[in-house]
Number of protein chains: 2
Amino acid sequence: MSKELRQHIEEIIPLTDKDFSYILSHFTEKKLKKHQYLIQIGDKVAHTYWVSNGLLKATYTDEKEKEHIIQFAMENWWITDYQAYFTQTKAILNVDCLEATELLCLSYENREKLCKELHKMEHFFRRKANNGFIALQKRMLSFMTNSSETRYDLLLKQYPTLFQRVSKSIIAAYLGVSRETLSRFNK
Amino acid sequence: MSKELRQHIEEIIPLTDKDFSYILSHFTEKKLKKHQYLIQIGDKVAHTYWVSNGLLKATYTDEKEKEHIIQFAMENWWITDYQAYFTQTKAILNVDCLEATELLCLSYENREKLCKELHKMEHFFRRKANNGFIALQKRMLSFMTNSSETRYDLLLKQYPTLFQRVSKSIIAAYLGVSRETLSRFNK
DNA sequence: ATAATGAAGTGACATTCATCACAAAAAATC
DNA sequence: GATTTTTTGTGATGAATGTCACTTCATTAT
């Protein structure tokens, strides 16, 4: 489980065994079952989570009680309510498990500590943030320029495995269309 | 002009005079007139830009030649084609001036150099990236959950000055509605 | 195995919004 | 100051999509 984390970090920065075991000591483990909440609206968001196994969604619930999916997270992805985490305020999102999930948890304090003590970890997280920004900007762009049907096709192409793991209503909530409209896309 | 940059950086990290003059030595100046391009599609994107004065927009042009605005940048904001800049590939966006503009330019190499040499600059840019991510996620969320009229009202509230500086068609291209629809919002 | 719950498809209708066309007002240019 | 260009508003129309209602099929729980 931690082997994968090491690999994940080493995609960006090289680590010695000592480095990694020190880094790993700042994480804790957590296991959740399907449908369990990792974060609920109003919670203090003390951690960011690295997914070693499983699948989660981060959702915003609007005033009509409709769920909008901001982010999925599967193996090797990070997830949390970033707004709440970075600004150390209360959660505005729910994060819950679409499958049984295993996580490595990194507290805000430990993340800042690692960044302070190990310059290369600060570099790692800067790079991660940059990549996250680019990915989000691509999604934004897709929202502005593509029809929902095109967005559906592109998602299908980009994450074919996702479609074997979640229902169409979930995909619809991510794409920002009703499940009925999405259903009519399947020719 | 550089006083403001120092202030901007010191909102996040403290700097000595020596620090700052060293940092500043990695920037170059650039002045553009209204309507001039800073970046054109296909360009190599060698720099990120800090706006000391003026107003710009970053746009994506779809296959129907329609312009979608990804980002504005006014005083104290950073702008570039981030995707192209971070991955050192060709620009997919145009960036051009809505007003006469003065910029401080930081090359990719100099940015990485500063981050490597000064740990606190790496921290600064990590924080900036995190904040940018949050802001973009908020915009994404607003796209998914709010009507275009609500998004219009919110933008008006958040950046009242913007409306004195650009035309309604520009606002429409940022909000992702036609200028006609936006025009009908004004009661 | 049976019952209960959730997922997926589909018809009917209303709503939102883009597009086209045109006119009036404002701003920029000569 | 007159002319050109740009901006803004507005009507008519059609396309895309949300919502509601219902049905069928699949999955999960008892």
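Proteins come first, then strands; the chains are lettered A, B, ... in the order of their sequence lines, and each starts at number 1.
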request  = Whole angstrom is fine here: how far is it from NE2 in A:His68 over to C1' in D:dG18?
outcome  = 12 Å
ask   = Hey, does A:Ser178 reach any base, or is it just sugar-phosphate, or nothing, if we go heavy atoms under 4.0 Å?
value = base
note = Comparing A:Ile170 with B:Lys66, nearest DNA chain C nucleotide closer to 5' gives the residue A:Ile170
ask   = In whole Å, what is the span from the CZ atom of A:Phe185 to the C1' atom of D:dA16?
value = 9 Å
task = Using the salt bridge (Lys or Arg N to Asp or Glu O under 4.0 Å) rule, pick out the option among A:Lys120, A:Arg126, A:Lys116 that qualifies with B:Glu122.
result = A:Arg126
ask   = If we ignore angles and hydrogens, is there a donor and acceptor under 3.5 Å between the side chains of B:Glu117 and B:Tyr22?
value = yes
key: Rounded distance in Å - CE (A:Met144) to C1' (C:dC17)   = 15 Å
message = C:dG9, OP1 or OP2 - any side-chain N/O from A:Ser183 closer than 4.0 Å?
response = yes
query = Nearest of D:dT10, C:dA8, D:dA21 to any side-chain atom of A:Glu180?
reply = D:dA21
inquiry  = What is the distance, to the nearest angstrom, from the CD atom on B:Glu67 to the C1' atom on C:dA18?
reply    = 18 Å
task = Write down the distance between NZ (A:Lys34) and C1' (D:dA29), rounded to a whole number of angstrom.
result = 13 Å
message = Strictly below 4.0 Å: does A:Thr181 bring a side-chain N or O up to OP1 or OP2 of D:dA16?
response = no
request  = For the residue pair B:His68 and B:Asp62, confirm or rule out a side-chain donor-acceptor distance under 3.5 Å.
outcome  = yes
query = Touch check for B:Ser147, heavy atoms < 4.0 angstrom, all strands: base, sugar-phosphate only, or nothing?
reply = nothing
query = Rounded to the nearest Å, what distance is computed from the CZ atom of residue B:Phe143 to the C1' atom of nucleotide C:dC17?
reply = 13 Å
ask   = Got a sec: does the NZ of A:Lys34 have more than 12 other heavy atoms crowding it under 6.0 Å?
value = no
note = Quick note, A:Ser167 side chain, CB onward, closest among D:dT17, D:dT8, C:dA8 is C:dA8
ask   = Rounded to the Å, how far apart are B:Tyr152 OH and D:dT8 P?
value = 9 Å
key: Pair B:His8, B:Trp78: side-chain N/O donor-acceptor within cut-off below 3.5 Å   = yes
message = So if I take every side-chain heavy atom of B:Arg179 and compare against C:dC22, C:dC17, C:dT10, which nucleotide ends up nearest?
response = C:dC22
ask   = Under the 3.5 Å rule, do the base of D:dT19 and the side chain of A:Arg184 count as making a donor-acceptor pair?
value = yes
task = Measure from CD on B:Gln164 to P on C:dA26 and round the result to the nearest Å.
result = 17 Å
